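Step one of this worksheet: look at the structure below.
Quantities reported herein were computed from a predicted structural model and do not represent experimental measurements.
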Amino acid sequence: MKKKGITILLMILICSIGISQSKKELQFQLEEKEAEIQQLQTELSSVKRESAKYKAEMEAVNFQMEELRATNASLLQNLTNFTELSNKKTENISKSLETLRSKENQLKNISAALTQTDSLTLALLTNFKNDLGTEVKTGLSNGAVTLVLNNVFLFKEVDRNFEVVAEALPVLEKIAAVLKKYPELKITVETNSNALDFKELKLKNNWALSSLQAAGVVTVLTENFGIAPLRLEATGKSEYGFSGIETSTRIKVQPPYDTFYRTVKDMMK
């Protein structure tokens, strides 16, 4: 009986010892698991913090990307606008250059026409000087070749005569010979007078006398020396026409400026 009780006690003791060891092992394993759980929670917190950090960085990157997209779109639009503006400016510059070339050609043509007119005037002046020498005062007045003849030489009695005297005809013939070389040029004969008494002439004033004297020179040029009447114009200047008291007749040969102006006008269209 006693042996049986001892055996049972030994078995109970052995079981208790086994249970105690198992409990310690379990406790140790539990502590290990709790440490692992704690470590995992720490790692999880770190991962969450990293995740939050990356999320914030991602949001910042996304925001920057949106700004960059907007900026890029604006730059592209500005580039498009600049390209269009540049194309328009290039087109305008091309048109301006074309206009400048056209104006340059116009100026060249005008300059050529003016040079031609000036050359004609110079040739006419040279012809008169060569053919008349010192017999007639020759020069330029407002672009026209001008011949100045004293009225005493042309009419002798300047206060009452308006017909050209025979002594003056050879000089007028030389003048007519030069004028025939330039049939396209217009001619103006201007005469002034300063008579004081008109009783014998039955004229009212110097306007009438100077007009008749100018007409007398025109008559000689047309009837005696064959100058076309349509080329000539007679003008009386009275006593107010020229400076000084000396009376004279001026034969003005006008270069073809009307043709020149028509040419310029046609060029400017």
Side-chain angles (χ1 to χ4, degrees), residues 116-195 198 200-203 206-260:
Q116 182 179 4
T117 301
D118 290 342
S119 298
L120 178 61
T121 302
L122 181 60
L124 176 62
L125 179 63
T126 302
N127 276 338
F128 275 129
K129 286 184 175 294
N130 290 338
D131 290 5
L132 299 175
T134 59
E135 290 183 274
V136 179
K137 184 179 179 181
T138 307
L140 291 174
S141 177
N142 296 325
V145 176
T146 303
L147 311 176
V148 182
L149 298 95
N150 192 294
N151 279 358
V152 174
F153 169 73
L154 290 172
F155 306 107
K156 296 295 185 185
E157 299 182 34
V158 295
D159 289 345
R160 57 181 55 85
N161 184 34
F162 47 80
E163 292 185 2
V164 177
V165 297
E167 292 83 353
L169 294 180
V171 172
L172 291 179
E173 185 176 11
K174 291 180 182 179
I175 293 173
V178 176
L179 293 175
K180 286 181 179 179
K181 296 177 183 178
Y182 302 89
E184 73 281 8
L185 301 182
K186 298 292 184 181
I187 307 158
T188 300
V189 178
E190 298 178 345
T191 301
N192 75 310
S193 62
N194 59 1
F198 300 94
E200 295 183 11
L201 292 175
K202 295 182 181 180
L203 297 175
N206 278 303
W207 290 108
L209 177 59
S210 62
S211 296
L212 288 172
Q213 288 174 337
V217 174
V218 167
T219 298
V220 170
L221 291 174
T222 55
E223 294 183 359
N224 292 49
F225 305 121
I227 301 299
L230 291 177
R231 296 178 59 192
L232 288 155
E233 179 182 344
T235 302
K237 291 290 186 176
S238 184
E239 67 267 35
Y240 309 107
F242 307 143
S243 59
I245 61 173
E246 183 180 6
T247 62
S248 61
T249 294
R250 299 185 180 186
I251 299 176
K252 292 184 176 181
V253 187
Q254 189 71 46
Y257 285 119
D258 52 344
T259 302
F260 170 74

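In this structure, the side chains of Phe155 and Thr247 stay at 4.5 Å or more apart for every pair of heavy atoms. When side chains are defined from C-beta on, Val164 does not count as touching Asn224, because their heavy atoms never get closer than 4.5 Å. A heavy-atom distance below 4.5 Å is not found between the side chains of Leu120 and Pro255.
For the atom pair CD of Glu167 and CG of Leu154, the computed distance is 11.0 Å after rounding to the nearest 0.5 Å. With rounding to the nearest 0.5 angstrom, the CG atom of Leu185 is 15.0 Å from the NZ atom of Lys180. Between atom CD of residue Glu173 and atom CG of residue Asp131 there is a gap of 11.5 Å, rounded to the nearest 0.5 Å. Note that the CD1 atom of Ile251 and the OG1 atom of Thr146 stand 10.0 Å from one another [nearest 0.5 Å]. Between Ile187 atom CD1 and Leu230 atom CG the span is 11.0 Å, to the nearest 0.5 Å. Distance check, rounded to the nearest 0.5 Å: CZ of Phe153 to CG of Leu172 gives 7.0 Å.
Put simply, the side chain of Ser210 gets close to the backbone of Lys237: a donor and an acceptor are under 3.5 Å apart. Judged purely by atom type and a 3.5 angstrom limit, Gln213 uses its side chain to pair as donor or acceptor with the backbone of Asn161. Although no hydrogens or angles enter the test, the distance criterion places no donor-acceptor pair under 3.5 Å between the side chain of Asn192 and the main chain of Tyr240. Between the Thr138 side chain and the Val136 main chain, a donor and an acceptor come within less than 3.5 Å of each other.
Residues Val158 and Leu209 come closest through the heavy atom pair O-CD2, 3.7 Å. Across every non-hydrogen atom of Ala144 and Gln254, the tightest pair is CB-OE1, 3.4 Å. Nearest heavy atom pair, residue Phe225 against residue Ala176, reads CB-CB, 3.5 Å. Annotation for Val218 and Ala234: closest pair CG2-CB, 3.8 Å, computed over non-hydrogen atoms. For the residue pair Asn127 and Lys181, the shortest heavy atom distance occurs at ND2-CD, 4.3 Å. In terms of heavy-atom proximity, Ala195 sits nearest to Asn206 at N-OD1, 2.8 Å.
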Report task. Please report the C-alpha distance between Thr249 and Val148 in whole Å, then the side-chain angles of each, then the deciding distance to 0.1 Å, and finally whether the side chain to side chain contact (heavy atoms under 4.5 Å, CB included) criterion is met. Result -> CA-CA 6 Å; Thr249 294; Val148 182; over 6 Å; no

Query raised in the report: Checking salt bridge (Lys or Arg N to Asp or Glu O under 4.0 Å) for the pair Glu233/Lys186: CA distance, chi angles, key distance, verdict?
Result: CA-CA 8 Å; Glu233 179 182 344; Lys186 298 292 184 181; over 6 Å; no

Query raised in the report: Stepwise, does the side chain to side chain contact (heavy atoms under 4.5 Å, CB included) test hold for Leu132 with Val178?
Result: CA-CA 10 Å; Leu132 299 175; Val178 176; 5.9 Å; no

Query - Residue pair Val145, Leu140: steps toward the side chain to side chain contact (heavy atoms under 4.5 Å, CB included) verdict - result: CA-CA 5 Å; Val145 176; Leu140 291 174; 3.8 Å; yes

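The only option from Thr219, Thr222, Val217, Thr188 that meets the side chain to side chain contact (heavy atoms under 4.5 Å, CB included) definition with Leu232 turns out to be Thr222. Exactly one of Leu179, Val253, Leu221 qualifies for a side chain to side chain contact (heavy atoms under 4.5 Å, CB included) with Arg231. That residue is Leu179.
Heavy atoms of other residues, nucleotides or ligands lying less than 6.0 angstrom from NZ of Lys137 number 12 at most.
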